[in-house]
Amino acid sequence: MPAAARLPSALDKGLEGVVASQSSVCYVFGEEGRLIYRGYDIKDLAEHSTFEETSYLLLNGDLPTTAQLKEFTAQIKAAQKIDRITLKVIKEAPRSADPMSALRTAVSASVFGDPDAADHSREAEYRKAVRLIAQLPTILATIHRLRTDQRPLAPRRGLTLAANFLYMLFGQVPSREAERAFDVALILHADHELNASTFAARVIAATLGDVHGSVTGAIGALAGTLHGGANTAVMKMLLEVRTPDRAESWIRDALAHKKKIMGFGHRVYRTEDPRATELRSMASQVAAAAGQSHWAEMQRTMEDVMRREKGLYANVDFYSATLYYAMGIPLELYTPIFALGRVSGWCAHVLEQHADNRLIRPRAEYVGPMDRKWVSVRKRG
Ligand SMILES: CC(C)(COP(=O)(O)OP(=O)(O)OC[C@H]1O[C@@H](n2cnc3c(N)ncnc32)[C@H](O)[C@@H]1OP(=O)(O)O)[C@@H](O)C(=O)NCCC(=O)NCCS
């Protein structure tokens, strides 16, 4: 038998359609455009829940009782401040550093100040997960303040995670509307089944790597423009298009040049991403209040053209971009903000992986040369 015949052959490129794990955290119904966390439709969670409550749901499997939510919220509040070493690492980052790289590095460093760093029990990993959910907003706001020559602000008592992030970013307690819009955005980003960054987190967790290592790897995976990085790319595109009357020709021209249009398409959804549906109305309200109604008009035109020309629909990043822009958030923070929400999903998946673990170690279809004969370096020319 020739050697090649014994080698495993390829499945679908990009693991499309491959079921790589069982999970009870989250499910994407691609044909219907529906998304559930622990059995709850995200539309219900976006309407009724808070990011803290949704994080509890993802980590623990059920919605909390009043007492459980109170305790969980208290744990979050107690963990929001960042430690001395993490602050030092953020301060050492060059001003030019991409905030996503600074976030990844600071999250990795935050294990040094974690009291459970050496404990890998389930209880300790859970506590570390809660601390990461609590600290990512503080880390990101600190990164932003320092790179813009402003004094970092400590988290303020009595504020939710969403309100605290906006407070630490802008130095002002946000309006109820801004807080709610940001809270809903965090809920909508909190999990998405086996997306690339969550899969990366689970691969790391399956080696029995810890929560900090898994989340650090996940942030690396989230950064690219085919994943979380698309939200910043969407806003750059909209700023380049400038006015609604240019939207159709801009898209047609880009498609004619075989360019990918950021904020469109999805590996699993065959219809509209339900998170885009939720964010569309919120983004247009916030943008209208900020005197920026033109984004909604421009985006509607782009959606129509993309549906007609390519059969593609908007995804989560298409409308989170204009929501954040209308809130006055700098472009380079959009992708790290995605991580502030997704961290609760990553942690839930890490805990789930640890609870019923097997090393994730697939095979490659080998397509390289075979049976080559060694030639000494002197004879290679
Ligand atoms: C999300 C994404 C990576 C999914 O990719 P995928 O499942 O691997 O699909 P492919 O990239 O193989 O695309 C399949 C086809 O649709 C086209 N397509 C997919 N997304 C497209 C987009 N945003 N703009 C233009 N064409 C797109 C591809 O060109 C390809 O066409 P072809 O078969 O004629 O070559 C892809 O849709 C994309 O790159 N979107 C833009 C980035 C983005 O918004 N990412 C955030 C996702 S939440």
Side-chain angles (χ1 to χ4, degrees), residues 10-20 26-31 33-35 37 42 100 185-201 218-241 247-280 283 295 298-325 331 334-342 345-346:
L11 294 171
D12 288 309
K13 199 169 177 192
L15 299 183
E16 181 165 1
V18 172
V19 175
C26 176
Y27 192 68
V28 174
F29 295 85
E31 298 294 329
R34 205 156 77 80
L35 171 61
Y37 297 168
I42 51 134
M100 194 62 174
L186 292 178
I187 293 170
L188 293 172
H189 285 82
D191 200 31
H192 210 228
E193 202 208 80
L194 280 199
N195 60 92
S197 56
T198 302
F199 187 56
I219 295 174
L222 183 68
T225 50
L226 296 189
H227 192 6
N231 55 14
T232 303
V234 165
M235 202 60 230
K236 285 184 181 159
M237 169 180 77
L238 298 179
L239 288 165
E240 192 184 315
V241 177
E248 176 152 3
S249 58
W250 196 95
I251 291 281
R252 285 185 185 286
D253 187 55
L255 290 177
H257 287 88
K258 303 263 174 250
K259 285 193 187 151
K260 279 228 170 145
I261 314 298
M262 293 292 121
F264 284 93
H266 199 272
R267 175 61 66 79
V268 184
Y269 293 118
R270 290 293 160 255
T271 180
E272 182 165 286
D273 179 337
R275 302 166 300 173
T277 318
E278 295 295 311
L279 284 166
R280 181 189 291 111
W295 299 128
M298 186 188 287
Q299 285 173 299
R300 272 300 191 188
T301 304
M302 290 175 149
E303 285 187 90
D304 288 345
V305 179
M306 285 300 280
R307 207 167 32 242
R308 273 201 315 270
E309 297 295 316
K310 298 286 289 183
L312 290 172
Y313 296 84
N315 60 46
V316 67
D317 299 307
F318 197 55
Y319 283 102
S320 63
T322 38
L323 173 68
Y324 302 151
Y325 191 82
L331 264 67
Y334 297 2
T335 311
I337 284 173
F338 194 143
L340 306 191
R342 185 57 55 84
W346 290 331

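These numbers come from a predicted model, not from an experiment. Each residue takes its place number in the sequence, starting with 1. Numbering of ligands and ligand atoms starts at 1, following listing order.
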### Query
Who pairs with Asp253 by salt bridge (Lys or Arg N to Asp or Glu O under 4.0 Å), at least two apart in sequence or on another chain?
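Per chain and number, Asp253 pairs via salt bridge (Lys or Arg N to Asp or Glu O under 4.0 Å) with no residue.
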### Partners passing salt bridge (Lys or Arg N to Asp or Glu O under 4.0 Å) against Arg252 (at least two apart in sequence or in another chain)
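Salt bridge (Lys or Arg N to Asp or Glu O under 4.0 Å) list for Arg252, sorted by chain: Glu248, Glu309.
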How far is [atom] from its nearest protein heavy atom, and which residue and atom is that?
atom                    : result
atom 19 (C) of ligand 1 : Leu312 CD1, 3.8 Å
atom 46 (C) of ligand 1 : Asp317 OD2, 3.2 Å
atom 24 (N) of ligand 1 : Ile261 N, 2.8 Å

If we only count N/O pairs under 3.5 Å, is [X] in contact with ligand 1?
X      : value
Leu226 : yes
Val316 : no
Phe264 : yes
Arg275 : no

Sub-4.5 Å side-chain heavy-atom contact between [X] and [Y]:
X      : Y      : result
Tyr325 : Trp295 : yes
Lys310 : Phe264 : no
Arg270 : Tyr313 : no

### Query
Do any N or O atoms from the side chain of Ser197 and from the backbone of Ala221 form a donor-acceptor pair under 3.5 angstrom?
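The answer is no, because no donor-acceptor pair under 3.5 Å joins these two groups.
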Relative to ligand 1, is [X] under 4.0 angstrom through side chain, backbone, both or neither, heavy atoms considered?
X      : answer
Lys310 : side chain
Val234 : neither
Met306 : side chain

#### Entry: Option whose closest heavy atom lies nearest to atom 44 (O) of ligand 1, chosen from Gly263, Ala196, Gly265
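Answer by nearest heavy atom: Gly263.
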#### Entry: Selected option - heavy-atom contact closest to atom 10 (P) of ligand 1, from His192, Lys260, Arg267
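Going through His192, Lys260, Arg267 one by one, Lys260 has the nearest heavy atom to atom 10 (P) of ligand 1.
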### Separation between NE2 of His257 and CG of Leu255, rounded to the nearest 0.5 Å
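Here the interatomic distance stands at 11.0 Å.
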### Query
How long is the span from the OH atom in Tyr334 to the NZ atom in Lys236, to the nearest 0.5 Å?
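The NZ atom of Lys236 is 10.5 Å from OH of Tyr334, to the nearest 0.5 Å.
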### Task
Mark up the atoms of ligand 1 that fall under 4.0 Å of a heavy atom belonging to Ala230, in ascending order.
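Here the atoms of ligand 1 in question are 43 (C), 44 (O), 45 (N), 46 (C).
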### Tyr27 atom OH, over 12 foreign heavy atoms within 6.0 Å
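Result for OH/Tyr27: open.
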### Query
Protein heavy-atom contact under 4.0 Å for atom 48 (S) of ligand 1?
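Within 4.0 Å: yes, protein heavy atom nearby.
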